[in-house]
Amino acid sequence: MLQKTSHFMRQANLIGGEWVAADSGATLDVNNPATGLSIGNVPKSGKAETRRAIEAADAAFESFSKTTANERAKILRTMHDIMLDNQDALAELLTLEQGKPLAESKGEIAIGAAYLMWFAEEGRRVYGDLVPSPWADRRIMVRKEPVGVVAAITPWNFPSSMLARKIGPAIAAGCTSVIKPASQTPYSGLAWGVIAQEAGLPAGAMNIVTGSASEIGGELTRHPAVKKITFTGSTEIGKILLKQSANTVKKVSMELGGNAPFIVFNSADIDRAVEGAIAAKYRNSGQTCVCTNRFYVQSRVYNKFVEKLAEKVEGLKVGPGLEAGTVQGPLIDNNAVEKVEELIADAVGKGGRIVAGGKRHELGHSFFQPTVIADAKHRMRVTKEEIFGPVAPVYKFTKEEDAVRLANDTQYGLACYFYSNDLGQVFRVMEGLKYGLVGVNEGIITTPEAPFGGMKESGLGSEGGRHGIDEYLDTKYVCIGGLGL
Ligand code: ADP
């Protein structure tokens, strides 16, 4: 392990500016998915620690909310610089606990830093309004204010950048926070505490607790001082958090599950579509909420697409994330492998034809062969369920309207992709797809400048873009009367 990695690797929680153990002293083991071996442990905190973290954030809010946007932008810019100066160390820590290839981890650290820079800039442009008044002697002012204490709960698939999208706007807006990283990947979350402290964020303005998800999540959603919940994770847990937050009417943003379709039309550039398919399916071994779940390919190009995709997929190098040349790391754990095996068995039982991969990888642990299943059918489980693994079912369609209808036939509405070189078709299909993110002739589209958020059961609100900071602000209307004008 690099010297620098251990500097960021904290085995404690950050509460009120102090690095502390759980009250009980209990810990949770953290494993490297590439070896199955423990790399350390973190506190198993619960309700009491979470409550103290909320109280620390609430106390810090008093003064932090009164700092200027410029002061907060300076902290965010410093955090950005610390991340990029330590990109290798932070990426190595991420790969150790999460498994993804080092190049992807470096990319994740870079995009996290880019989110911070975006919000450092956006925070200085939180304008209010002076509205023309219907009364001669009154004036109407609208101002934006930070909501207060923000609770951020994040998943293991992007353990660093999912927090950047929440911490960035929270700090920029003048909010303080309590963070709960996923138990599989807590170190990248705890590293945010080191980065924030070194950048001069005041004690208590960011607190991080690890441990029991239901106890911590229960307290975060129940406590009246928490004014906003921002969550990235499954739709199932998102619904629980929404219900729990209802009692205290918290502001919520939810980035939930997806079931992304990827449509290839006859007019598409097939090589470009295959390249996009690799990126949109196999990045992070298929473990992202914007990963393609279903490929719909028009009949004339179906065989060609399947053949080229299978050939490319067979060439993807599977290995430990820290090994040079690896493009496919292990899945997060054995449960993930079992789920993928079940879905493949179901697809094969219903007429699916495996044209690449299909089995556990010879490297053992949670490594899995990148897989392509041709002749996919609507009745297969992969049509409805989020795969979250390196498996690409490819369905055949004939008519454009069928592709759009099938693509929309899901309760999810996060990302979708399609490839076409017919301009009229591009607009028809783009307008017909009920998704929050649409990639046209592109397989990877996330960037801080654009809003990221789902429709339907994929979520509420958006992260990034011009509106990303609004989720952390309240609107106050002030009527100033008796002006005697
Ligand atoms: P995934 O399937 O990607 O792990 P989850 O929705 O299960 O997605 O988990 C995302 C995050 O939500 C993790 O940090 C997890 O610990 C947390 N979580 C899980 N259950 C709860 C809960 N009942 N309350 C609050 N947070 C939870």
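Whatever order the structure lists ligands and atoms in, that order sets their numbers, starting from 1.
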Audit row: Asp23, Arg52, salt bridge (charged side-chain N to carboxylate O under 4.0 Å, His left out) steps and yes/no: CA-CA 11 Å; Asp23 291 355; Arg52 286 203 297 281; 2.6 Å; yes
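- Contact annotation: the side chain of Asn247 never approaches that of Arg222 to less than 4.5 Å [non-hydrogen atoms, C-beta and beyond].
- Side-chain contact check for Ile469 versus Phe119: some heavy-atom pair is nearer than 4.5 Å.
- Closer than 4.0 angstrom to ligand 1 by heavy atom are Ile153, Thr154, Trp156, Lys180, Pro181, Ala182, Ala213, Ser214, Gly217, Phe231, Thr232, Gly233, Ser234, Ile237, Leu241, sorted by chain and number.
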Criterion ring pair (Phe, Tyr, Trp, His ring centres under 6.0 Å) on Phe262 and Tyr419, from CA distance to verdict: CA-CA 8 Å; Phe262 186 113; Tyr419 281 66; 5.1 Å; yes
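- Under the 6.0 Å cut-off for aromatic ring centres, Tyr435 and Tyr412 do not qualify, their centroids lying 6.0 Å or more apart.
- Each of Glu471, Lys166, Lys251 was checked for a side-chain hydrogen bond (donor to acceptor under 3.5 Å, both in side chains) with Thr230, and the lone residue meeting it is Lys166.
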